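All of these numbers come straight from a predicted model, not from anything done at the bench.
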Amino acid sequence: MVMIVGTVVFWLWIFSGAPKRANPDRLDDRAFVTRTHERCRDLLSELDRLPDARATSTPTARAEVLDRANGLVSTMVDELEADAPTTGEDGQRLRGWFSDWRTYVGDREDYAEALREDPGARMTVSENVALSDGVDKTIEVFADVNDMPDCATPGDVG
């Protein structure tokens, strides 16, 4: 009988949601999340107004479009970081996200430079060693966890 009661209590506990834990990357400052998502959405609109880098006639022209786009992405990251909480758990969580963004912007800039020297250059994305994944993926996961789908890396590079 004790075993039956124990099993029932166990399943009641499971279905109650008590063992569920919040994702450790979820930000508490939801007002910051809202502002950030809006700014990311604005970036995507700004990038859409640029010529399609993939449709350019030469690698140099593509690099020039990427330079402009990289400037927009870098400015967005600067603005988000200036507005971000810097203390507490949110500050800690965001430091990693911004670090990944800075690395990603550097990868984009390296790609634009490589195109000027090698028409066959390809974009390479650095790894977040601590998380064993590309920084583009860690940025996307953080954005998804925080309900900011427009804050994943933009798909303008190709």
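Nearest heavy atoms, Asp25 versus Phe142: O-CE1, 3.4 Å. Contact detail for Arg54 and Val157: the closest heavy-atom pair is CG-O, 3.9 Å. Taking each heavy atom of Arg68 and Pro51 in turn, the nearest pair found is NH1-CD, 4.1 Å. Residues Ala84 and Phe32 share a closest heavy-atom pair of CA-CE1, 3.4 Å. What you find for Trp97 and Ala143 is that their closest heavy atoms are NE1-N, 4.4 Å.
Taken to the nearest 0.5 Å, the CD1 atom of Ile139 stands 10.5 Å off from the CE atom of Met148. Summarising the geometry, atom OG1 belonging to Thr103 is positioned 10.5 Å from atom CG belonging to Asp110; distances are rounded to the nearest 0.5 Å. Here the CG atom belonging to Leu66 is positioned 9.5 Å from the CG atom belonging to Leu50, to the nearest 0.5 angstrom. Asp150 contributes atom CG, which lies 5.0 Å from atom CG of Leu44 (distance to the nearest 0.5 angstrom).
A 4.5 Å side-chain heavy-atom check between Trp101 and Leu80 finds every atom pair outside the cut-off. Side chains of Val141 and Leu131 form no contact here, defined as non-hydrogen atoms less than 4.5 Å apart. Taking the side chain as every heavy atom from C-beta outward, Glu140 and Asp136 never approach each other to under 4.5 Å.
The side chain to side chain donor-acceptor pair (under 3.5 Å) contacts involving residues 77-91 comprise Arg35-Asp83, Arg39-Glu79, Asp78-Arg102, Glu81-Arg102, Glu89-Arg93, Asp90-Arg93, where partners must be two or more places apart or lie in separate chains. Annotation: disulfide bond (SG atoms under 2.5 Å apart) contacts involving residues 40-140, sequence neighbours excluded, comprise Cys40-Cys151.
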Checklist line | Test log, rule salt bridge (charged side-chain N to carboxylate O under 4.0 Å, His left out), inputs Arg108 and Asp156 | finding: CA-CA 10 Å; Arg108 291 174 61 103; Asp156 64 317; 2.8 Å; yes
Next item on the list: Any chance you could lay out the side chain to side chain contact (heavy atoms under 4.5 Å, CB included) test for Asn128 and Val135, step after step, and finish with the verdict?
Entry: CA-CA 5 Å; Asn128 177 318; Val135 293; 4.1 Å; yes
Notebook entry, point to check: Can you check side chain to side chain contact (heavy atoms under 4.5 Å, CB included) on Arg30 and Asn146, steps first, answer last?
Noted result: CA-CA 9 Å; Arg30 303 316 289 170; Asn146 284 289; 3.3 Å; yes
Check: Would Glu109 and Val105 satisfy side chain to side chain contact (heavy atoms under 4.5 Å, CB included), going step by step from the backbone distance to the final call?
Finding: CA-CA 6 Å; Glu109 291 168 346; Val105 168; 3.6 Å; yes
Pair up each side-chain donor or acceptor in residues 115-126 with any protein partner under 3.5 Å, not counting sequence neighbours, and list the distances.
| residue | atom | partner | partner atom | Å |
| --- | --- | --- | --- | --- |
| Arg116 | NH1 | Asp67 | OD2 | 3.4 |
| Arg116 | NH1 | Ala112 | O | 3.3 |
| Arg116 | NH1 | Glu113 | OE2 | 3.3 |
| Arg116 | NH2 | Asp67 | OD2 | 2.3 |
| Asp118 | OD1 | Gly120 | N | 2.9 |
| Ser126 | OG | Asp107 | OD1 | 2.8 |
| Ser126 | OG | Asp107 | OD2 | 3.2 |

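Surrounding CD of Glu127 are more than 12 heavy atoms belonging to other residues, nucleotides or ligands, all under 6.0 Å away. Remark: Arg41 CZ is packed, more than 12 non-hydrogen atoms of other residues, nucleotides or ligands lying under 6.0 Å away.
Following chains of ILVMFWY side-chain contacts shorter than 4.5 Å, one can reach Met76 starting from Leu72, so the two form part of one hydrophobic cluster. Linking Ile, Leu, Val, Met, Phe, Trp and Tyr residues whenever their side-chain heavy atoms come within less than 4.5 Å places Phe98 and Val73 in a single cluster.
A distance-only check finds no donor-acceptor pair linking the side chain of Ser99 to the backbone of Arg95 [under 3.5 Å].
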